[in-house]
Number of protein chains: 2
Amino acid sequence: MGKKTTIYDIAKKLEITAATVSRALNNSPKISKKTRELVLETAKEMNYEQNKLALALKSGKSNNVGVIVPRIDSNFFASVIRGIEEELFANGYHVIICQTHNDENIEIENINTLLNAQVDGVLMSISNVDVYKNKSFNRIFKKQVPLIFFDRKANIEGVSSVTINDFEAGYKVTKHLIEQGCKKIAHLSGNILLEIFNNRFLGYKQAIEDEGIEFNEDYVIRINSTVEDGRNAVKKLLSLKNPPDGIFSSSDYAALGAIQELKANNIKIPDDISIVGFANEPFTKFMELSISTVDQSPVEMGKIAANVFLEQVNNTDKSKIEKKVVLTPELLIRKSSLKKDITK
Amino acid sequence: MGKKTTIYDIAKKLEITAATVSRALNNSPKISKKTRELVLETAKEMNYEQNKLALALKSGKSNNVGVIVPRIDSNFFASVIRGIEEELFANGYHVIICQTHNDENIEIENINTLLNAQVDGVLMSISNVDVYKNKSFNRIFKKQVPLIFFDRKANIEGVSSVTINDFEAGYKVTKHLIEQGCKKIAHLSGNILLEIFNNRFLGYKQAIEDEGIEFNEDYVIRINSTVEDGRNAVKKLLSLKNPPDGIFSSSDYAALGAIQELKANNIKIPDDISIVGFANEPFTKFMELSISTVDQSPVEMGKIAANVFLEQVNNTDKSKIEKKVVLTPELLIRKSSLKKDITK
DNA sequence: CTGTTAGCGCTTTCAA
DNA sequence: TTGAAAGCGCTAACAG
């Protein structure tokens, strides 16, 4: 009962050979209709189930892909994974999840164990910018396992990636704030070593310069994407001799913290200070004072990353495919940055 | 370069046999210190990496477990999965994610493909109450693959589960509303066929009866866990000749919709109507009018489910382990149900 | 159309 | 302490 039936069992029963059974099961053309039906029938009778492990060992394809993210319990990453899973499951792949918690050692370990498990590909959002310099990381290239970055990528030649245009996002947000009448715009940034944060910052900078506003170093505060850091950043900003009248936060959570702190100081939003976040976390929409933010279409990002992987893995000829997909961010203007007295 | 080195390669180089290499690599006691060191050394030199697939085929253990949830992009499920992954990765297992989108056919298909992939266990939150009656589902018992339910479980003898005490949760919430002075308490329920929703409902009913309040069928509305359904439910409630003064929603999203609709009708929360949700979704805390809710400690739930699996899989003797873990829900009282003029 | 054979990479008796 | 050989379950090349 615990023992599973193999193709040998059904071969023996039918007094044929395992190869024939295999052919029948796989709809090989070189088999008679009669035996095929017979095999299929008795296979069902005997509750035969294909052992994918044997197939995997034989073919060298596990039909598993690894997905590595900092953590899964953030709406953004969970949504990307949702997209990946939906697309890949439909193509016969399973998705193995790994979290790094932004720990470089764990990140490397994840890659190692995934490769040992013979995954057919790795989709990841890097935690550590320099991870690709690690020796273990190079196994992925040596083994020629398709690697696709999404969102937090490293810039490696020959490696595909799916991102949004963070520069454009930063530019759009800043432009929007300026159009709302803001002249002194602060920026809550993240780890500038990560491309995404650097690009958002560069977009911000470009926008204010394009509008003839002078760049002020004091207005740029580098923080983590947390509510608390957002609050602290605002404390710092308010203590400036010339505090800002607009804030572009690279994180919704920090934007939330900023709003809390501003309210605690009886500062009116958006009239005194307008604010825009980033990522379109669900709560931004639900607040009474809804928070303007940037949508990154994470589910679509996941689907596209999955499809880039599929292309790559199905690409038979030697030509290396390198695909850099850049999605257009969508600025969602909500109450936190929309002044009522402005008529456009 | 693309070809990976096997134990045969290193055996050949050292002019020993693959078996010896295997023993050296696995720290078998029956091997000389000298050859072991030699093997380990050249293994490193040749960049040897164990092929887990071969091991899996040989041993019948894949070191993968499947996790099946309705969808991954909800904070609750993502958090449970986070807990599962953290616990299982530390024990050498990989987590394969599957989503059902509440589609029974997909749910069955997920189970089938996971079993074919030879997972060592399945942790799931069921989408369809009757899924266990499906013939395919029974493969899981025939194969003796450990099965653990979390949150949305079916009541099957011999199957372990990790849940919260939903009855207690429903009871606590309702009692709290009564203590706040509510006398006419409505309940937004879910699919009553799922134990979790039925138990919350039963807790609710018990509480009002314990307090001498008459149960009113009109106050119980069965909806989906969405903002829109929450709004519609409130519309219905407000149209009653005797509308409620308190609402216990089995879903935070529905609670949010309810609040939106109440506000649209200029009804004061919590003074005119108090409201409590369920699940402690992040947004409930962030609203200006923060929403009272029930925390289910999802990360811990995941960790426990993982540990129940580990116990089960490591249990060598024949004795069936059936473990039904029931966690205590925590009522989080926030603004939406805390009347200022009440002094306790 | 079907059978024979070999092999994917590893572990594990059984002998030596 | 090491070697030889079998086998996990499947597929594919080669014969017939």
Side-chain angles (χ1 to χ4, degrees), chain A residues 2-40 42-43 46-64 92 113 115-120 139 143, chain B residues 2-40 42-43 46-64 92 113 115-120 139 143:
Chain A
K3 226 63 244 97
K4 47 230 154 184
T5 76
T6 73
I7 53 172
Y8 281 92
D9 298 325
I10 108 163
K12 197 186 294 174
K13 182 159 189 176
L14 259 39
E15 292 182 315
I16 55 178
T17 184
T20 309
V21 175
S22 173
R23 281 188 276 256
L25 259 21
N26 292 297
N27 281 318
S28 158
K30 23 178 90 173
I31 196 166
S32 73
K33 200 179 162 199
K34 204 161 141 191
T35 46
R36 164 173 340 179
E37 282 170 357
L38 193 60
V39 168
L40 291 179
T42 51
M46 302 176 73
N47 292 314
Y48 169 75
E49 314 146 7
Q50 190 187 46
N51 183 335
K52 295 279 183 192
L53 238 42
L55 183 57
L57 178 60
K58 174 74 179 157
S59 66
K61 269 200 77 195
S62 66
N63 277 287
N64 287 147
T113 63
L115 291 180
N116 287 345
Q118 309 294 121
V119 291
D120 296 337
R139 286 180 57 199
K143 289 187 78 172
Chain B
K3 227 61 244 105
K4 46 229 155 186
T5 77
T6 73
I7 52 172
Y8 281 92
D9 298 325
I10 108 163
K12 197 186 296 173
K13 182 157 189 177
L14 261 39
E15 292 182 316
I16 55 177
T17 184
T20 309
V21 176
S22 172
R23 281 187 275 255
L25 259 21
N26 293 297
N27 281 319
S28 157
K30 21 178 91 172
I31 195 166
S32 74
K33 199 180 163 200
K34 203 163 142 191
T35 46
R36 171 186 339 222
E37 281 169 359
L38 193 60
V39 167
L40 291 180
T42 51
M46 303 177 72
N47 292 313
Y48 169 75
E49 315 146 6
Q50 190 187 45
N51 183 335
K52 295 278 183 192
L53 237 43
L55 183 58
L57 177 60
K58 175 73 180 162
S59 67
K61 267 200 81 196
S62 67
N63 277 286
N64 288 148
T113 63
L115 292 179
N116 287 346
Q118 309 295 121
V119 292
D120 296 336
R139 286 179 57 196
K143 289 188 78 172

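Quick caveat, the model's predicted, so the values are computed rather than measured. The figures that follow rest on heavy atoms only: side chains count, while hydrogens, waters and symmetry mates do not. Protein chains get the first letters and strands the later ones, always in sequence-line order, with residue 1 at the start of each.
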With sequence neighbours excluded, tell me which residues meet side chain to side chain donor-acceptor pair (under 3.5 Å) with [X].
X        : value
A:Thr6   : none
A:Ser28  : none
B:Lys61  : B:Tyr93
B:Thr113 : A:His94

- Note the angle between the end axes of the helix from C:dC1-D:dG16 to C:dA16-D:dT1, five pairs defining each, rounded to 10 degrees.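 The angle, to the nearest 10 degrees, is 40°.
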Residues 17-25 of chain A, side-chain donor-acceptor partners within the protein, below 3.5 Å, at least two apart:
from	atom 1	to	atom 2	distance (Å)
A:Ser22	OG	A:Asn26	ND2	3.4

Closest contact, heavy atoms only, B:Leu53 versus A:Ser62
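The answer is CD2-CB, 4.2 Å.
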In this structure, how many angstroms lie between the [atom2] atom of [N] and the [atom1] atom of [X], rounded?
X       : N      : atom1 : atom2 : value
B:Asp9  : C:dG7  : CG    : C1'   : 14 Å
B:Ile16 : C:dT11 : CD1   : P     : 14 Å
B:Glu15 : D:dT1  : CD    : C1'   : 18 Å
A:Ile10 : C:dT2  : CD1   : P     : 13 Å
A:Ile7  : D:dC8  : CD1   : C1'   : 12 Å
A:Leu14 : C:dC1  : CG    : P     : 17 Å

ask   = Touch check for B:Thr17, heavy atoms < 4.0 angstrom, all strands: base, sugar-phosphate only, or nothing?
value =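 Base contact.
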Who are the side-chain contact (heavy atoms from CB on, under 4.5 Å) partners of [X], not counting sequence neighbours?
X        : value
A:Lys58  : none
B:Asn116 : A:Glu49, A:Lys52, B:Arg139
B:Lys12  : none

**Message:** So if I take residues 21-40 of chain B and measure heavy-atom distances to DNA chain C, which residues fall below 4.0 Å?
**Reply:**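 Residues of residues 21-40 of chain B under 4.0 Å from DNA chain C: B:Ser22, B:Arg23, B:Asn26.
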Got a sec? Which of residues 48-59 of chain A come in under 4.0 Å of DNA chain C, heavy atoms?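 Per residue number, the list reads A:Leu57, A:Lys58.
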- Item | Note, B:Asn27 side chain near B:Arg36 side chain (heavy atom, < 4.5 Å) |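 When only atoms from C-beta onward are counted, B:Arg36 and B:Asn27 do touch, with a gap below 4.5 Å.
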Self-check item: Side-chain heavy-atom pair A:Ile16, A:Val39 within 4.5 angstrom cut-off
Solution: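 In contact.
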